[in-house]
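Because the structure is a prediction, the values reported are computed rather than measured. The figures here come from the full heavy-atom set of this structure, side chains too, leaving out hydrogens, waters and symmetry mates.
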Amino acid sequence: MELVDLTPAIGSEVHDVDLVRLDDVGLRQLECALAERGLLVFRDCPITPAEQSAFAARFGALQAHPAYDTVAGAPGVTILESTPERPTKIEAWHTDMTFRPAPPKITMLHAQVLPPSGGDTLYASMTAAYDALSEPLRAFLDGLEAVHDFRFGFRESLAEPGGAERLAQAVADNPPIRHPVVVAHPLTGRRGLYVNSLFTTRIDGMRAQESRALLDFLFAHLVEPEFTVRLRWAPGTLAIWDNRCTQHKPVNDYFPAHRRMHRVTIEGEAPRAA
């Protein structure tokens, strides 16, 4: 397979690969490339929901999301859709589902319906962001834990009419949880930041003002331009990213146009402190 890097820090386009027919050796190569680059992009990828689900399942068990519908006949494929009547509310930088004890390790997103322009997605390397910190600050962050909360991330949806009732079970199933502020990638061993502005509410053991100041600094630092890449979607584009070492942010500049994506998330392990 041929990889063309999108930026020095994160992201590669992959050419000459048929994901549906990929053998086990190719799968391992792909997994290693994903761990190193954080984001892999496949253009003109005519994969069906069933094929996307079957391919994703080769990396591990599929993880459902408590707040979104799934594709009929492909229960592992979540629908992410924004319409004029129901525009998306997710705009913050985040790592998928860090409110869970074992968040997904990999996410796959396949473009279905795209707006005439806009609707890009930004990605950032958490390893590059960590490496760019000073040694004293890295030493201070190592060993800290932060609280991640489903309720905080979906507070707008919960405030909608009927939202609290619709998401009551999800809230009950996902109480606030602690994860290390700095984690080690299980494949590469590289350290990366593991806090995000959508789900992380505070640093455990710190006073509220101290926690807020530190999180605000980290949230600003981790999305510095040199750590990021902007993905412009095209029909049939498939993006695969490693949630253990990246964050992403949808660019909601296309309202009220229609955008629909098919997402699959793959079960991971509890984040491990560096």
Side-chain angles (χ1 to χ4, degrees), residues 1-65 74 76-78 95-98 100-111 121 123-131 179-180 182-194 227 229 231 236-248 261-274:
M1 64 184 71
E2 179 189 4
L3 272 68
V4 178
D5 291 348
L6 299 175
T7 72
I10 182 173
S12 298
E13 281 200 8
V14 185
H15 303 283
D16 302 322
V17 174
D18 184 343
L19 297 180
V20 176
R21 295 175 176 82
L22 193 66
D23 61 20
D24 289 343
V25 173
L27 191 73
R28 297 285 81 79
Q29 291 176 338
L30 201 67
E31 192 170 23
C32 289
L34 181 62
E36 289 291 340
R37 297 299 302 156
L39 165 71
L40 300 179
V41 179
F42 303 80
R43 299 294 189 181
D44 301 314
C45 184
I47 195 169
T48 67
E51 290 170 338
Q52 183 182 358
S53 179
F55 173 66
R58 296 180 67 187
F59 292 91
L62 305 188
Q63 223 179 44
H65 194 290
V77 181
T78 297
T95 298
D96 284 332
M97 293 190 271
T98 61
R100 287 188 164 170
K105 62 181 180 180
I106 295 171
T107 298
M108 301 183 182
L109 197 63
H110 193 220
T121 303
Y123 295 88
S125 168
M126 296 301 95
T127 53
Y130 177 80
D131 290 344
H179 291 308
V182 178
V183 299
H185 195 286
L187 295 183
T188 67
R190 293 185 64 189
R191 297 181 178 190
L193 294 172
Y194 202 72
F227 313 142
V229 67
L231 174 59
T237 295
L238 176 72
I240 306 177
W241 62 90
D242 191 322
N243 279 290
R244 298 164 294 191
C245 58
T246 68
Q247 288 193 31
H248 58 282
M261 316 292 273
H262 285 172
R263 185 180 76 172
V264 176
T265 54
I266 298 152
E267 189 170 308
E269 57 285 308
R272 180 170 58 89

S.K.: Once you round to the nearest 0.5 Å, how far does NE2 of His185 lie from CZ of Arg190?
M.R.: 10.0 Å
S.K.: At their closest point, which heavy atom of Ala239 faces which heavy atom of Leu39, and how far apart are they?
M.R.: CB-CD1, 4.1 Å
S.K.: Which heavy atom in Ala128 sits nearest to a heavy atom in Ala9, and how many Å separate them?
M.R.: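 Shortest heavy-atom contact: CB-CB, 4.2 Å.
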S.K.: Can you list the steps and then say if Asn243 with Ile106 is a side chain to side chain contact (heavy atoms under 4.5 Å, CB included)?
M.R.: CA-CA 6 Å; Asn243 279 290; Ile106 295 171; 5.5 Å; no
S.K.: To the nearest 0.5 Å, tell me how far Thr265 OG1 sits from Glu267 CD.
M.R.: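 Rounded to the nearest 0.5 Å, the OG1-CD separation comes out at 9.0 Å.
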S.K.: So how far is it from Gln52 CD to Ile47 CD1, rounded to the nearest 0.5 Å?
M.R.: 6.0 Å
S.K.: May I ask you to say whether Asp131 pairs ionically with Arg191, meaning some side-chain N is under 4.0 Å from a carboxylate O?
M.R.: no
S.K.: Scan side-chain atoms only and decide if Asp96 and Thr107 contain a donor-acceptor pair under the 3.5 Å cut-off.
M.R.: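 Yes, because at least one side-chain N or O of Asp96 sits under 3.5 Å from a partner of the opposite role on Thr107.
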S.K.: Compare all side-chain heavy atoms of Pro103 with those of Pro271 and state whether any distance is below 4.5 angstrom.
M.R.: yes
S.K.: Decide yes or no on side chain to side chain contact (heavy atoms under 4.5 Å, CB included) for Phe55 and Val264, but give the supporting numbers first.
M.R.: CA-CA 10 Å; Phe55 173 66; Val264 176; over 6 Å; no
S.K.: Taking all heavy atoms of Asp242 and all of Ala35, pick out the closest pair and write down the distance.
M.R.: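 Scanning both residues, the minimum pair turns out to be OD2-CA, 3.8 Å.
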S.K.: Can you tell whether the side chains of Arg37 and Asp5 come within less than 4.0 Å, N to carboxylate O?
M.R.: yes
S.K.: Rounded at 0.5 Å granularity, tell me how far CD in Glu31 sits from CZ in Phe59.
M.R.: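 Glu31 CD to Phe59 CZ: 6.0 Å, rounded to 0.5 Å.
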S.K.: Are any side-chain N or O atoms of Arg58 and backbone N or O atoms of Leu22, one a donor and one an acceptor, separated by less than 3.5 Å?
M.R.: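 Judged by distance alone, yes, a pair lies under 3.5 Å.
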S.K.: In Å, rounded to the nearest 0.5 Å, how long is the span from OG of Ser53 to NE2 of His262?
M.R.: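 The NE2 atom of His262 is 12.0 Å from OG of Ser53, to the nearest 0.5 Å.
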S.K.: Does the pair Val41 and Ser12 meet the rule for a side chain to side chain contact (heavy atoms under 4.5 Å, CB included), with working shown?
M.R.: CA-CA 6 Å; Val41 179; Ser12 298; over 6 Å; no
S.K.: Quick one, Ile266 and Met108 - any side-chain contact, counting heavy atoms below 4.5 Å?
M.R.: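 Yes - at least one pair of side-chain heavy atoms lies under 4.5 Å apart.
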S.K.: Considering all heavy atoms of both residues, which atom of Pro101 and which atom of His179 are nearest to each other, and what is their separation?
M.R.: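 Closest pair (atom of Pro101, atom of His179, distance): O-CE1, 3.5 Å.
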S.K.: Flag the pair Leu238 / Leu109 as yes when at least one side-chain heavy-atom distance between them is below 4.5 Å, and no otherwise.
M.R.: no
S.K.: Can you name the closest pair of heavy atoms from Ala50 and Ala74 and give their distance?
M.R.: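 Smallest heavy-atom distance, with atoms named: N-CB, 4.4 Å.
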S.K.: Between Arg43 and Glu13, does any side-chain N to carboxylate O distance fall below 4.0 Å?
M.R.: yes
S.K.: Are Thr246 and Met126 close enough that some pair of their side-chain heavy atoms sits under 4.5 Å apart?
M.R.: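 Not in contact.
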S.K.: Just wondering, more than 12 heavy atoms not from Asp23 lying within 6.0 Å of its CG?
M.R.: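 More than 12 within 6.0 Å, yes.
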S.K.: Taking the side chain as C-beta and beyond, is there a heavy-atom pair between Leu40 and Leu30 under 4.5 Å?
M.R.: yes
S.K.: Classify the angle between the aromatic ring planes of His248 and Trp241 as parallel (below 30°), tilted (30 to 60°) or perpendicular (above 60°).
M.R.: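 The rings of His248 and Trp241 sit tilted, inter-plane angle from 30° to 60°.
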S.K.: Counting C-beta onward and ignoring hydrogens, is there a side-chain heavy-atom pair between Ile240 and Leu34 closer than 4.5 Å?
M.R.: yes
S.K.: Do Leu231 and Tyr123 touch side chain to side chain, with heavy atoms closer than 4.5 Å?
M.R.: yes
S.K.: Do you know the tightest heavy-atom contact between Gly26 and Met1?
M.R.: O-CE, 3.7 Å
S.K.: Side chains of Thr78 and Arg263: donor-acceptor distance under 3.5 Å anywhere?
M.R.: no
S.K.: One pair to check against side chain to side chain contact (heavy atoms under 4.5 Å, CB included): Val182 and Tyr194. What are the steps and the verdict?
M.R.: CA-CA 6 Å; Val182 178; Tyr194 202 72; over 6 Å; no
S.K.: Determine whether Met261 and His110 make a side-chain contact, defined as any pair of heavy atoms from C-beta on separated by less than 4.5 Å.
M.R.: no
